Amino acid sequence: FTGFINDFVAFGNINTNLGNMQADLNMKLPSNGQPVYSGTISTPGFRLGEFIGDPNFGNVALNGSVKGSGFTMDKLNTGFKGNISQLYYGGYTYRNATVDGTLKNKVFDGHLAIDDPNIKIKRLDGQFSFANKELSFNADAELDYLDFKSLGISKDKLTLSGIFNLNFTGSNIDDFLGSARVYNANLQHNDTRLSFDSLTLKSFIQDSVKNLELETNELYARLNGKFNVQQLPNAFTVFLSRYYPTYIKAPNKQVSEQDFDFEIKTRDVDEYISLFDKRLSGFNNSDIRGSIRLGTNELNVHAKIPEFTYDGKVFTGINLVGKGTKDTLYADITAEDVKVSDSMNFPDTRIKLTAHNDVSLIKLNTSANKTLTSAELNASVQTFEDGVR
């Protein structure tokens, strides 16, 4: 220790209840201002989140040079150049990062590289801000490897690499505003490479209406209106639980207001469809559009699907028009052909469906390739928990 009480150079080990450090620092402690420091610092483990008062952060191990001022997150203005061998943030411990940048006003501005077993970033240049409730990114990055399953993002083994251009705010898909683009991408499911090269995700507000657009080589999807993406499955379940309450249970939690239009256009998505259900495939070059109005109990769906397969059965030339009210579902479905086996087809099949409170009124018109010129079946089907009547 050399110098004065409020302006000194200190070299040695610092042992605290938050962890241990080795430091060679010049420290200035002005009577009317923030602490100012510069020098080198290293720690095998320090509870950073407790020190700066941010629960998102946890343990950190680092080695590098530091120059800046302030000890609390809202006052911190610090440049760091060195290696971070581990840093806990937001539920995951990131390892082997190289950093050269400045953290000021809860904004990191600089360069970053990560060689973690589950996320490898060759370079990231730009800004990352957590000053507000929503995170903010304005950066370019080259991602060598990202394992969604190991990071807790996906249940299946899904990996991604590519070049990113990020300019958005938001900590999840529902408060996302801006754009995120991926180029030269490589997406793999297990050991199979999926047909995917580029992706653009945009969210913007136009005439006071929020729009969310996703486009890849194989898919275009759009939502516009009032919506909550994370609750979209529950929005559909609200309607279906009214038509088949015994078989489909209503969501346990109240669903937020949903009043939006949607549109999905596919190209070659066959290999993606099987990710949801291995018995399902097809849906290439499909056009699906409609709307949900929870406030007025309106559900509308119009789908044109050239072909899909489920559990070995092939459905060709599907056209579906559906309308749902508070308690009743109406649907008209036509199929150019339904193939149930190599020797059995049902061409020109038409179904009219009315469903209400577990009872479905069905009118089926069809024919069979070998046995029937035409056939009509009218039925009332009641749904139970263990079957139908």
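In this text the structure is predicted, and so the values were computed from the model without any measurement. FYI, the numbering just counts along the sequence from 1.
Side chain of Q258 to main chain of N228: a donor-acceptor pair is present (N/O by atom type, distance under 3.5 Å, no hydrogens or angles).
At most 12 non-hydrogen atoms from other residues, nucleotides or ligands lie less than 6.0 angstrom from NZ of K67. Dense packing is recorded around NZ of K249, with more than 12 heavy atoms of other residues, nucleotides or ligands lying under 6.0 Å away. Dense packing is recorded around CZ of F8, with more than 12 heavy atoms of other residues, nucleotides or ligands lying under 6.0 Å away. The local environment of NZ in K120 is crowded, with over 12 non-hydrogen atoms from other residues, nucleotides or ligands closer than 6.0 Å. In the displayed structure, F384 atom CZ is contacted under 6.0 Å by more than 12 heavy atoms of other residues, nucleotides or ligands. Enclosure of atom CD in E376 by more than 12 non-hydrogen atoms of other residues, nucleotides or ligands within 6.0 angstrom is indicated.
Under 3.5 Å, the side chains of S360 and Y244 contain a donor-acceptor pair of N or O atoms. Between the side chains of N297 and R242, at least one donor N or O lies within less than 3.5 Å of an accepting N or O. Counted by atom type alone, N345 and D337 present one or more donor-acceptor pairs between their side chains at under 3.5 Å. With no hydrogens or angles considered, no side-chain donor-acceptor pair links S129 and S136 at under 3.5 Å. Judged by distance alone, the side chains of Q127 and D109 do bring a donor and an acceptor atom under 3.5 Å apart. N165 and Y183 are not linked by any side-chain donor-acceptor pair at a separation below 3.5 angstrom, with hydrogens and angles left out of the test. Side-chain polar atoms of T216 and E218 form no donor-acceptor pair below 3.5 angstrom.
Checked against the 6.0 Å centroid criterion, the rings of F315 and Y310 do not qualify as a close aromatic pair. Proximity of the aromatic rings of F71 and Y37 is defined here by a centroid distance below 6.0 angstrom, and this criterion is met.
The hydrophobic cluster containing Y330 does not contain I248, counting ILVMFWY residues as joined when their side-chain heavy atoms lie under 4.5 angstrom apart, directly or transitively. Side-chain heavy atoms closer than 4.5 Å link hydrophobic residues (I, L, V, M, F, W, Y) into clusters, and following such links, even through other members, never connects V314 to I318. Note on L135: it clusters hydrophobically with L143, by side-chain heavy-atom contacts below 4.5 Å among ILVMFWY residues.
Relative orientation of the F239 and Y243 rings is tilted, given thresholds of 30° and 60° on the angle between their planes. Using cut-offs of 30° and 60° on the angle between ring planes, the pair F128 and F137 is tilted. Using cut-offs of 30° and 60° on the angle between ring planes, the pair F283 and F308 is parallel.
Legend: salt bridge (charged side-chain N to carboxylate O under 4.0 Å, His left out) pairs involving residues 352-363, not counting sequence neighbours, sorted by first then second residue: D332-K352. Judged as a salt bridge (charged side-chain N to carboxylate O under 4.0 Å, His left out), not a single pair has a partner in residues 12-21 (not counting sequence neighbours). Within the structure, salt bridge (charged side-chain N to carboxylate O under 4.0 Å, His left out) contacts touching residues 23-43 (residues at least two apart or in different chains) are D7-K28.
Smallest separation of non-hydrogen atoms from P30 and P35: CD-CA, 4.4 Å. Taking every heavy atom of both residues into account, L87 and I84 meet most closely at CB-CG2, 3.9 Å. Listed here is the closest heavy atom pair of N234 and P251: O-CG, 3.7 Å.
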Practice item. Start with the C-alpha distance between D125 and H111, add both sets of side-chain angles, then the distance that settles side chain to side chain donor-acceptor pair (under 3.5 Å), and finish with yes or no. Key: CA-CA 5 Å; D125 305 314; H111 311 282; 2.7 Å; yes
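No side-chain heavy atom of I14 sits less than 4.5 Å from a side-chain heavy atom of N20.
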